[in-house]
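The block underneath contains the structure these notes are about, expressed in structure tokens.
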Amino acid sequence: MVNYNKITPAVLTALKNIVSDKFIISDDDRRAPYAHDEVTDSRYHSMPEVVVLPENAGQVAEIIKLANKELIPVVPRGAGTGLACGAVPIYGGIVLSLERMNKILEVNANSLYMVVEPGVRTDAVQVAAKKENLFYAGDPCSGDSCFIGGNAATNAGGNKAVKYGTTRQQIYSLEVVTPLGEIVNLGGRLEKMTTGYSLEHLIIGSEGTLGIITKLTLRLMPLPQHVVDILAVFPDVDSAISMVPTLIKEGITPTCVEFMDNVTVKSVENFIKEKLPESDKGHYIILQIEGQSEDDMDDKSVMVDELCMKNGALSVYVADSQKIWKARKSFAEAVRHESFIHGKEDIVVPVDKIPEMMREIAVLSKKFGLVTRTASHAGDGNIHLNILKGSMPDAQWDKELETFQKELYAVVYQLGGKLSGEHGIGYKRRQLMEQFADPVELELMRSIKKALDPNLILNPGKIFNVM
Ligand SMILES: Cc1cc2nc3c(=O)[nH]c(=O)nc-3n(C[C@H](O)[C@H](O)[C@H](O)COP(=O)(O)OP(=O)(O)OC[C@H]3O[C@@H](n4cnc5c(N)ncnc54)[C@H](O)[C@@H]3O)c2cc1C
């Protein structure tokens, strides 16, 4: 166990000397929002001693050097939309918020890249690309609030990962401040590279435990010109979800394949107060199809329509894009509206195992008598299973959830899956990580952490326990 030091008046003065008085938050009211992310259970919240808002990599490096010298933990924070308590300062210390580093530095329409600071909102990246008739493919449902640096730190997925991959695939290179306070550029604006270890890929998805991302060079693409959203309604979960392997086998690569079970459709409908198509009839599969031309898109849509009907769909529509994506993206808020405290599982399994996984979830949910809401990025095997706590007493909730998770993840791992497809491990899933990850793999991760961060000052206590 590292005995971290508290922030003394001398440390506070040193921090003020780095970023100036104005960009230090030390009063209770203004510190409170930095004590949590989007996890609502207050038992997972923890107040930072101070919040520091640097404006460039040089200042970040100075803060990190000071933290090493004084043995004070530092937790990098983006927009705080995380769902794993990754940005929660469980040992107090400094929250280093990247919110002031929010500039788009370059959009290069000729060479198809964009250079941004980490505090740029993801939808601002999308809008800036679109202005140049270009496309940024990262598309988490929280895009209107999360930061691009947070997306890289969590390797965020989202709706378009089926075709374009996760945030990792959208990044050429990163500027990073190491846990010892050095500034380094990793990766390159290259289509191939075998030049030592791919350290940029080690940083991506490391949840702020191996370095602080201070600049990103993002990959852009020409904006797809022919896009259609399709809604297929199915009478049962099995026929809906088995569409996924069917589509893949037929060689159709949709941009998105999202699933919402019927209780979730109704929950969202109630939350957004808008009637959704056939919400009383079945489960949704939302597909987005891109085509090289209008004809190509139409041909693919006809194929999808036929496959859905063959798979037992009740109906297949060209969807009202705005409405259907508003519904899908409101899922998390609708769940929160129903039950402020809820379990949020982020299961990922091989795509061909998703029907089997859904059947096992139904069996387990029934066995435990759980009230669930399920939406998933079905096309990439990622299932968001939400379990509502409702009025269950805390002690009973903790016990039931723990027993359920034990059985659930035993099945997930048996099917070749993992604990988290995109939200990360953070603090919330740390115990599960210790329980389910291969012990040798965990030991390798611990060795990397200790080698890069010998004083264990950067986001300690996340992903796994090192101490
Ligand atoms: C309504 C809703 C919908 C969501 N939908 C999706 C979705 O579709 N796909 C998905 O993947 N996630 C989704 N999320 C989760 C969340 O939005 C993502 O994990 C997002 O990438 C977090 O970004 P952030 O800026 O809020 O990071 P934060 O929550 O602030 O931090 C997340 C982690 O990244 C680290 N971190 C943040 N910035 C940096 C940095 N610059 N350098 C180093 N480490 C850093 C933090 O220490 C922490 O461990 C959703 C969340 C909500 C509330």
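Considering only residues two or more places apart in sequence or on other chains, Glu434 meets the salt bridge (charged side-chain N to carboxylate O under 4.0 Å, His left out) condition with Arg446. Every residue meeting the side chain to side chain contact (heavy atoms under 4.5 Å, CB included) condition with Asp438, not counting sequence neighbours, appears here in chain and number order: Val440, Glu441. Under the side-chain hydrogen bond (donor to acceptor under 3.5 Å, both in side chains) criterion, Lys160 pairs with Asp139, sequence neighbours left out. Listed by chain and number, the residues in a salt bridge (charged side-chain N to carboxylate O under 4.0 Å, His left out) with Glu207 amount to none (sequence neighbours excluded). Among residues two or more places apart in sequence or in another chain, the salt bridge (charged side-chain N to carboxylate O under 4.0 Å, His left out) test is passed with Lys326 by Glu274. Residues satisfying the ring pair (Phe, Tyr, Trp, His ring centres under 6.0 Å) test with His423, not counting sequence neighbours, are His384. By the salt bridge (charged side-chain N to carboxylate O under 4.0 Å, His left out) test, Asp144 is found to be paired with no residue, residues two or more places apart in sequence or in another chain being considered. Residues forming a ring pair (Phe, Tyr, Trp, His ring centres under 6.0 Å) with His342 (at least two apart in sequence, or on another chain): none.
Looking only at distances, a side-chain donor or acceptor of Thr40 sits under 3.5 Å from a matching main-chain atom of Phe340. Distance alone, capped at 3.5 Å, places no donor-acceptor pair between the Gln59 side chain and the Pro54 backbone. Gln170 places a side-chain N or O within 3.5 Å of a backbone atom of Tyr164 that can act as its donor or acceptor partner. Under the 3.5 Å distance criterion, the side-chain polar atoms of Glu422 are left unmatched by any main-chain donor or acceptor of Ser420. Side-chain atoms of Arg429 never come within 3.5 Å of backbone atoms of Ala84 as a donor-acceptor pair (strictly under, hydrogens ignored). Thr264 places a side-chain N or O within donor-acceptor distance of the main-chain N or O of Thr374, the cut-off being under 3.5 Å. Of the possible donor and acceptor atoms, none in the side chain of Lys449 sits under 3.5 Å from a partner among the backbone N and O of Leu210. Side-chain N or O atoms of Ser330 include none that pairs as donor or acceptor with a backbone N or O of Ala334 at under 3.5 Å. Side-chain atoms of Asp346 come within 3.5 Å of backbone N or O of Gly421 as a donor-acceptor pair. A donor-acceptor contact shorter than 3.5 Å is absent between the side chain of Ser111 and the backbone of Asn108.
The closest side-chain donor-acceptor pair between His377 and Glu258 falls under 3.5 angstrom. Side-chain N/O atoms of Thr166 and Asn155 include a donor and acceptor closer than 3.5 Å. Judged purely by distance below 3.5 Å, without hydrogens or angles, the side chains of Ser145 and Thr81 never pair a donor atom with an acceptor atom. Between the side chains of Ser321 and Asp229, at least one donor N or O sits under 3.5 Å from an acceptor N or O. Residues Asn382 and Ser376 have side chains that never bring a donor and an acceptor to within less than 3.5 angstrom of each other. Side-chain contact check for Thr403 and Glu400: no donor-acceptor pair (N or O, by modelled atom type) lies under 3.5 Å. Glu345 and Gln405 share a donor-acceptor pair across their side chains, judged by distance under 3.5 Å alone.
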Checklist entry - How far apart are the C-alpha atoms of Asp41 and Ile341, what are their side-chain angles, what is the distance that settles it, and do they pass the side-chain contact (heavy atoms from CB on, under 4.5 Å) test? => result CA-CA 6 Å; Asp41 189 337; Ile341 295 181; 4.3 Å; yes

Next on the checklist: Test ring-ring contact (aromatic ring centres under 6.0 Å, His included) on Phe331 and Phe271; report intermediate values, then the result.
Outcome noted: CA-CA 9 Å; Phe331 163 60; Phe271 177 70; over 10 Å; no

Next on the checklist: Let's go through Val88 and Tyr427 carefully: what are the C-alpha distance in whole Å and the side-chain angles of both, what is the deciding distance for side-chain contact (heavy atoms from CB on, under 4.5 Å) to 0.1 Å, and is it a yes or a no?
Outcome noted: CA-CA 8 Å; Val88 176; Tyr427 177 54; 5.9 Å; no

Next on the checklist: Run the side-chain hydrogen bond (donor to acceptor under 3.5 Å, both in side chains) test on Ser173 and Thr217 for me, step by step, so that the C-alpha distance in whole Å, both residues' side-chain angles and the decisive distance to 0.1 Å come before the verdict.
Outcome noted: CA-CA 5 Å; Ser173 65; Thr217 303; 3.3 Å; yes

Next on the checklist: Let's go through Leu419 and Tyr413 carefully: what are the C-alpha distance in whole Å and the side-chain angles of both, what is the deciding distance for side-chain contact (heavy atoms from CB on, under 4.5 Å) to 0.1 Å, and is it a yes or a no?
Outcome noted: CA-CA 8 Å; Leu419 283 172; Tyr413 273 74; 3.6 Å; yes

Item to check | Residues Thr372, Leu388; criterion side-chain contact (heavy atoms from CB on, under 4.5 Å); working and verdict | outcome: CA-CA 6 Å; Thr372 61; Leu388 311 192; over 6 Å; no

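For the pair Pro76/Leu458, a side-chain contact is recorded, criterion being any heavy-atom separation below 4.5 Å from C-beta on. Two residues are said to be in side-chain contact when any heavy atoms from C-beta on lie closer than 4.5 Å; Asp28 and Met47 meet this criterion. Counting only heavy atoms from C-beta outward, the side chains of Leu385 and Phe404 approach each other to under 4.5 Å. Here the side chains of Gln288 and Trp325 are in contact, with some heavy-atom distance below 4.5 Å. A 4.5 Å side-chain heavy-atom check between Phe259 and Val257 finds every atom pair outside the cut-off.
In this structure, OG1 on Thr209 lies 8.0 Å from CG on Asp453, to the nearest 0.5 angstrom. Atom-to-atom distance recorded for Ile272:CD1 and His337:NE2 is 12.0 Å, nearest 0.5 angstrom. Rounded to the nearest 0.5 Å, atoms CZ (Arg30) and CD1 (Ile25) are 4.5 Å apart. Here the CG-CG distance, from Leu53 to Leu96, works out to 8.0 Å after rounding to the nearest 0.5 Å. Annotation: the span from Ile361 atom CD1 to Leu408 atom CG amounts to 6.0 Å, rounded to 0.5 Å. Between the CE atom of Met357 and the CG atom of Asp352 there is a distance of 13.5 Å, given to the nearest 0.5 Å.
Applying the salt bridge (charged side-chain N to carboxylate O under 4.0 Å, His left out) test to residues at least two apart or on different chains, the pairs with a partner in residues 370-390 are Glu338-Arg373, Lys389-Asp394. Identified under the side chain to side chain donor-acceptor pair (under 3.5 Å) test for residues 454-466, with sequence neighbours left out: Asn68-Asn455, Asn459-Lys462. Under the salt bridge (charged side-chain N to carboxylate O under 4.0 Å, His left out) criterion, the residue pairs touching residues 51-66 are Glu55-Arg100, with sequence neighbours excluded.
Other residues, nucleotides and ligands place more than 12 heavy atoms under 6.0 Å from the CD atom of Gln435. Other residues, nucleotides and ligands place no more than 12 heavy atoms under 6.0 Å from the CD atom of Gln322.
Under 4.0 Å is where a charged nitrogen must lie from a carboxylate oxygen, and between Lys344 and Glu38 no such pair does. Using a 4.0 Å cut-off between charged side-chain N and carboxylate O, Asp398 and Arg43 make a salt bridge.
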Between side-chain atoms of residues 183-202 and protein atoms elsewhere (two or more places apart, or another chain), which donor-acceptor pairs fall under 3.5 Å?
| unit_1 | atom_1 | unit_2 | atom_2 | d |
| --- | --- | --- | --- | --- |
| Glu191 | OE1 | Arg219 | NH1 | 3.1 |
| Glu191 | OE2 | Tyr172 | OH | 2.8 |
| His201 | ND1 | Arg168 | NH1 | 3.4 |

